[in-house]
> 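Below is one structure. I have some questions about it.
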Number of protein chains: 2
Amino acid sequence: MTARTTSAKTLGARTLGEGARDIPEATVARLPVYLRALTSLAEAGTRTCSSEDLAAAAGVNSAKLRKDLSYLGSYGTRGVGYDVDYLRYQIAREIGVTQDWPVVIVGIGNLGHALANYSGFRSRGFRVVALLDADPERHDEVVAGVDVRPFDDLEQIVADQGVAIGVIATPALAAQDVADRMVACGITSILNFAPSVLSVPEGVDVRKVDLSIELQILAYHEQRKAQTA
Amino acid sequence: MTARTTSAKTLGARTLGEGARDIPEATVARLPVYLRALTSLAEAGTRTCSSEDLAAAAGVNSAKLRKDLSYLGSYGTRGVGYDVDYLRYQIAREIGVTQDWPVVIVGIGNLGHALANYSGFRSRGFRVVALLDADPERHDEVVAGVDVRPFDDLEQIVADQGVAIGVIATPALAAQDVADRMVACGITSILNFAPSVLSVPEGVDVRKVDLSIELQILAYHEQRKAQTA
DNA sequence: CTCGTTTTGTTCTCGCGTTCACAAACTCCT
DNA sequence: AGGAGTTTGTGAACGCGAGAACAAAACGAG
């Protein structure tokens, strides 16, 4: 007996409605990859694809792909495959990228510039509504069509635009303060590029991207290769 | 270098070959985090720390931290904790960041700029030896003290400098071609920022960082929060 | 209609990673 | 010196995710 007891306490408030299926975190992380692969297939003119095709395009195992998609529902046709456009819409809806997500970016250094200009955001429903920086020297700049404003404008912008997602691209020392201010004014999801561990209250999601950590992981494996050779 | 540190006490279990010590991948991914936390503690003047302290600084569970460190050896003292500098050196050596790692970056757009200027690389043994771009318009630029050179110089630079790690910051369409060229001239570790699935031969490590995927994962959770509210 | 082919959706099993819990080992105080 | 108090290192339990394997469903040919 697999005790599939979705312990009431763990899921807490998320048990209402039947759209509240809980998709495994590992699957959630792959859905955007599938979405991108489907978009790529659609642009190539493909109308229908098998799980093998899509798995190849996404760089995963086909069994894993089918299992991932099964968490969303039965959107395929046995013996045929998946309708590219239909599946793409279903995944997009599940992730939430059919909506418009206003985003603020704090810290307009090199990385902030790159993020503000990154086209992959806009094309997936993310709209950069504000660029903020504490340095007054930057307040004249216009980056990617958005002008840089003082960090103290955060509260008003978040309130006016209904921002729920914030991006931190500041130096490490400023990151926690920025996060605190973000949380205080209602932001509940933070993407952190600063190399520091953020502490946030329950209910706020933080994802961290650390460029140098990725290189260090590669270096470890590289070192191993060199040793055994 | 590679002093084989055969943990004087627990010999016998691991005498099978040098590279035979297999550290779990999940642990490898956390070692850089511990390294950064230790550096931070050291800068704050801390000489010794317990697993609780370090775990808090790294944002993980203390049991997990101890188990992770146990894969490296017995570097702590029961009843006391870990010597910050000593542990820091041991982790750095294990990851390989005590060495010098020459790195080439291909694609000097917004992101390439940010990467070239990122101080977190240099401070961890990564030395950007070349910036390459296919666009001749960029070949005059000097970014972060390194001048941008034609992509066709790749082979010679890799050979001259003994480069093993390459970073791809090009548009998606160019990424596979760049990867192929890198692999052909001997690069065995690739950090890919382009939103495309790279196919590389066995023995080449690829890590992918996708900025928009991270945001999409946040959007999914954000949507769930909104539904239950 | 029936059979064979294709491909999905799901079940089962296995291995990895996380966490708990505790003995071993070390320091400090009396 | 001995006991009390800490803290590490690790064995064991547990839960989750990956992959293999297969039954169910759709389609087409005859």
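All chains are named by letter (A, B, ...) in the order of the sequence lines, taking the proteins before the strands, and each is independently numbered beginning at 1.
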> Can you tell which of D:dA20, D:dG17, D:dG9 lies closest to the side chain of B:Ser70?
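Minimum distance to the B:Ser70 side chain belongs to D:dG9.
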> With a 4.0 Å limit, can you tell me whether A:Asn61 has a side-chain N or O closer than that to the phosphate oxygens OP1/OP2 of D:dG17?
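So the side chain of A:Asn61 is outside the cut-off, no N or O lying under 4.0 Å from OP1 or OP2 of D:dG17.
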> Between C1' on C:dT8 and NZ on A:Lys64, what's the gap in Å once rounded to a whole number?
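After rounding, the gap between these two atoms is 18 Å.
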> Starting at OH of B:Tyr71 and ending at C1' of D:dT10, how long is that distance when rounded to a whole Å?
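Rounded to the whole Å, the gap is 10 Å.
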> Could you state the CG-P distance from B:Leu54 to D:dG9, rounded to the nearest angstrom?
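Interatomic distance, CG of B:Leu54 to P of D:dG9: 12 Å.
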> Looking at A:Tyr75, does any N or O in its side chain come under 4.0 Å of the phosphate oxygens OP1/OP2 on C:dT7?
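For C:dT7, neither OP1 nor OP2 has a side-chain N or O of A:Tyr75 closer than 4.0 Å.
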> Can you tell me which nucleotide in D:dG9, D:dC22, C:dC20 comes closest to the side chain of A:Arg66?
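Within the option list, the nearest is D:dC22.
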> Among C:dC22, C:dT10, C:dT27, which is the nearest nucleotide to the side chain of B:Val80?
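Shortest atom-to-atom distance from the side chain points to C:dT27.
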> Taking the side chain as C-beta and beyond, is there a heavy-atom pair between B:Phe151 and B:Val106 under 4.5 Å?
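Yes. Closest side-chain heavy atoms under 4.5 Å.
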> Given atom CG of B:Asp68 and atom P of C:dG17, what is their separation to the nearest angstrom?
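Nearest whole value for this atom pair: 10 Å.
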> To the nearest angstrom, how far is A:Asp83 atom CG from D:dA26 atom P?
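From A:Asp83 CG to D:dA26 P: 16 Å.
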> Checking side-chain contact (heavy atoms from CB on, under 4.5 Å) against B:Ile190, which of B:Val183, B:Ile165, B:Val167 comes through?
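Exactly one option meets the side-chain contact (heavy atoms from CB on, under 4.5 Å) with B:Ile190, and it is B:Val183.
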> Distance check needed: C:dT10 C1' versus A:Leu69 CG, whole Å only.
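Answer to the nearest Å: 13 Å.
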> Please determine whether any donor N or O and acceptor N or O are separated by less than 3.5 Å between the side chain of B:Arg78 and the base of D:dT8.
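Looking at the base of D:dT8, it does pair with a donor or acceptor on the side chain of B:Arg78 (distance under 3.5 Å).
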> Taking CZ from A:Arg30 and C1' from D:dG17, how many angstroms apart are they, rounded to a whole number?
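So the CZ-C1' distance, A:Arg30 to D:dG17, works out to 8 Å.
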> Does any donor atom in the side chain of B:Asp68 or B:Thr27 lie under 3.5 Å from an acceptor atom in the other side chain?
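B:Asp68 vs B:Thr27: donor-acceptor pair found between side chains.
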> Of the nucleotides C:dG9, D:dG9, C:dT7, which one has an atom closest to the side chain of A:Ser50?
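Of C:dG9, D:dG9, C:dT7, C:dT7 is nearest to the side chain of A:Ser50.
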> To the nearest angstrom, how far is B:Glu25 atom CD from C:dG15 atom P?
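The distance from CD of B:Glu25 to P of C:dG15 comes to 19 Å, rounded to the nearest Å.
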> Taking for each residue the nucleotide of DNA chain D with the nearest heavy atom, is it B:Tyr82 or A:Gly79 whose nucleotide lies nearer the 5' end?
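This one resolves to B:Tyr82.
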> Checking all strands, does A:Glu52 fall into the base, sugar-phosphate, or nothing category for heavy-atom contacts under 4.0 angstrom?
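It contacts nothing in the nucleic acid.
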> Would you say the side chains of B:Arg93 and B:Gln90 form a donor-acceptor pair under 3.5 Å?
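Their side chains do contain a donor-acceptor pair, which is all the 3.5 Å distance test asks for.
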> Any side-chain N or O of A:Ser51 below 4.0 angstrom from OP1/OP2 of C:dT8?
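A:Ser51 to C:dT8 OP1/OP2: side-chain N or O found under 4.0 Å.
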> Verify the distance criterion only: is there a donor paired with an acceptor across the side chains of A:Thr39 and A:Glu43 at less than 3.5 Å?
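Short answer, no.
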> Check this for me: does the side-chain of A:Lys67 come within 3.5 Å of the base of D:dG19 through a donor and an acceptor?
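Answer yes: a donor N or O sits under 3.5 Å from an acceptor.
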